[in-house]
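Since the structure comes first, as structure tokens, the remarks are kept for the end.
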Number of protein chains: 2
Amino acid sequence: MLVPMGRPKEFDPERAVAEAMEVFWTQGYGATSPQQLADRLRIGKGSLYNAFGGKRQLFDLALRHYLDLRVEGLAHWLEGTAPVKDRLREALLFLLSSDPDTLDRRGCLAINSAVELGRLDEAVATQVRGLFDRVEGVFASLVARGQREGDIRGDVDAKALASVLLNTATGLLVLSRLEPGPDRLTRVVDTTLALL
Amino acid sequence: MLVPMGRPKEFDPERAVAEAMEVFWTQGYGATSPQQLADRLRIGKGSLYNAFGGKRQLFDLALRHYLDLRVEGLAHWLEGTAPVKDRLREALLFLLSSDPDTLDRRGCLAINSAVELGRLDEAVATQVRGLFDRVEGVFASLVARGQREGDIRGDVDAKALASVLLNTATGLLVLSRLEPGPDRLTRVVDTTLALL
DNA sequence: CTTGTTCTTGACCTGCAGGTCAAGAACAGG
DNA sequence: CCTGTTCTTGACCTGCAGGTCAAGAACAAG
């Protein structure tokens with residue numbers, strides 16, 4: 001069964017999921033039609049339904065792929081020896097755009113999806129909650145280290161500060177969709193870090 | 001023209017807009033059909049189109065009504081003589097729910113709409129930006145007063161702190177749609193205020 | 001009570017979202 | 001090269017979103 005019999009797929013399902021993630025990220029779930037997806041993935045619509053089952057199932061895979069990418073990125077945040085505040089700044093700014101010079105303006109697929117679907121769709125809400133918990137955990141580790149190194153004030157519980165940072169990141173990702181320029185966003189980042 | 005001729009409307013357009021606001025707030029723009037709106041407003045679908053022009057125009061009115069309500073609430077924040085931090089706490093918690101005991105879980109219509117439509121719809125984005133600017137301005141006034149009264153640290157620019165508060169409020173309103181309980185939200189509020 | 005105007009309603013229309021399927025193509029095994 | 005299996009595609013289907021409209025009702029003016 002390692003080589004399944006029958007006609008082999010002509011496309012790479014993982015690449016397709018990654019592409020679908022981009023589409024959902026840019027357009028949102030409701031504003032994306034199966035036809036658009038098929039076009040972007042370079043496959044027929046029937047092929048899409050044969051491979052993934054439907055728009056919703058493909059979205060679940062795309063969202064999970066996004067979460068995996070983010071979680072993968074978290075590990076990177078924990079490495080390194082630079083002062084914690086510098087790394088927090090880098091992390092927050094990276095969320096806004098992988099390219100430091102230009103705003104992404106798409107925000108975060110997890111947050112966008114939670115806002116669009118989270119009230120009715122418990123599955124999506126659970127997925128996104130899981131990411132938030134992990135992000136908060138990473139923030140807590142970083143803050144604790146910063147406190148040991150004297151880089152971050154020690155009179156506030158690390159977990160409480162981590163919750164604040166999670167909330168700050170969430171706000172930034174939403175505001176980034178509206179802000180015309182990066183001024184307010186960088187001001188938020190700088191000021192927040194100054195308060196720690 | 002004070003009394004327009006012809007058959008008079010059988011419903012109050014302002015009440016209808018207010019009701020439409022509730023529907024869009026609860027369900028989102030895309031997930032709300034004209035038929036649902038007509039049912040909730042207790043009018044026929046044709047009547048809805050005659051009175052408002054279409055789903056999108058009605059949404060614009062509903063959003064503007066929401067913004068008016070919020071701006072109206074801002075004035076209330078500025079009044080009173082209680083310590084600024086206490087009033088900031090009250091304001092942030094009020095955003096999460098007009099009833100202090102139960103989470104609203106609908107978040108903020110402006111933010112939800114910006115996330116759902118903001119990328120394609122510049123009109124919505126502009127409206128929401130306007131609200132954000134005013135909220136930030138009110139925060140700045142409050143912070144400045146708090147700094148004069150010694151309630152808030154004076155070593156950080158009031159406008160910078162106002163941006164942080166705006167971002168914090170945004171994050172809270174998004175997280176409130178996902179959080180199972182109020183624990184994390186109140187922790188964010190308390191910790192943020194402690195940092196000021 | 002006639003006329004002109006505006007409101008009300010539900011039947012009706014168009015287009016597309018979301019999905020199904022039959023026909024055939026591309027494999028592996030025998 | 002025949003068979004069973006899986007993939008591919010576009011035509012096709014159903015339902016509903018979003019909107020239009022004709023017929024009639026409720027007014028004010030004259």
| message | Whether A:Arg145 and A:Asp151 form a salt bridge (side-chain N of Lys/Arg under 4.0 Å from carboxylate O of Asp/Glu) is what I want to check. | response | no
| message | Below 4.0 angstrom, which residues in residues 42-56 of chain B have at least one non-hydrogen atom near DNA chain C? | response | B:Ile43, B:Gly44, B:Gly46, B:Ser47, B:Asn50
| note | In numerical order, the residues of residues 26-37 of chain B whose heavy atoms come under 4.0 Å of DNA chain C are none
| said: If I take atom NZ in residue B:Lys9 and atom P in nucleotide C:dT5, what distance separates them, rounded to the nearest angstrom? | reply: 17 Å
| message | Under 3.5 Å for both donor-acceptor distances, Watson-Crick or wobble: does D:dA22 have a partner, and if so which one? | response | C:dT9
| remark: Rounded to whole Å, CG of B:Leu58 lies from C1' of D:dA17 at a distance of 15 Å
| B:Pro8 side-chain proximity, nearest of C:dA26, D:dC27, D:dC7 | D:dC27
| A:Asp12 CG to D:dT8 P, straight-line distance once rounded to whole Å | 12 Å
| query | To the nearest Å, how far apart are B:Leu41 CG and C:dC7 P? | reply | 16 Å
| message | Does B:Lys55 qualify as a cation-pi partner of B:Tyr29, given the criterion of NZ or CZ under 6.0 Å from the six-membered ring centre and within 45 degrees of its axis? | response | yes
| Are the side chain of A:Arg129 and the backbone N or O of B:Leu178 linked by a donor-acceptor pair below 3.5 Å? | yes
| Other residues, nucleotides, ligands: >12 heavy atoms within 6.0 Å of A:Arg56 CZ | yes
| query | Quick check: are there more than 12 heavy atoms from other residues, nucleotides or ligands sitting under 6.0 Å from CZ of B:Arg15? | reply | no
| message | Without decimals, in angstroms, what is the distance between A:Glu10 CD and D:dG10 P? | response | 12 Å
| request: Check if the side chain of A:Arg7 and the base of C:dC27 share a donor-acceptor pair of N or O atoms closer than 3.5 Å. | output: no
| task | Give the cluster check for A:Leu161 versus A:Leu78: same hydrophobic cluster or not, with ILVMFWY residues linked at side-chain heavy-atom distances below 4.5 Å. | result | yes
Show me the donor-acceptor pairs, under 3.5 Å and distance only, between side chains in residues 79-86 of chain A and residues at least two apart or in other chains.
residue : atom : partner  : partner atom : Å
A:Lys85 : NZ   : A:Leu193 : O            : 3.1
A:Lys85 : NZ   : A:Leu196 : O            : 3.4

| task | Determine, for A:Glu136 against B:Arg187, whether the closest basic-nitrogen to carboxylate-oxygen distance falls under 4.0 angstrom. | result | yes
| message | Taking the basic N atoms (NZ, or NE/NH1/NH2) and the acidic carboxylate oxygens, is any pair closer than 4.0 Å for B:Asp104 and B:Arg106? | response | yes
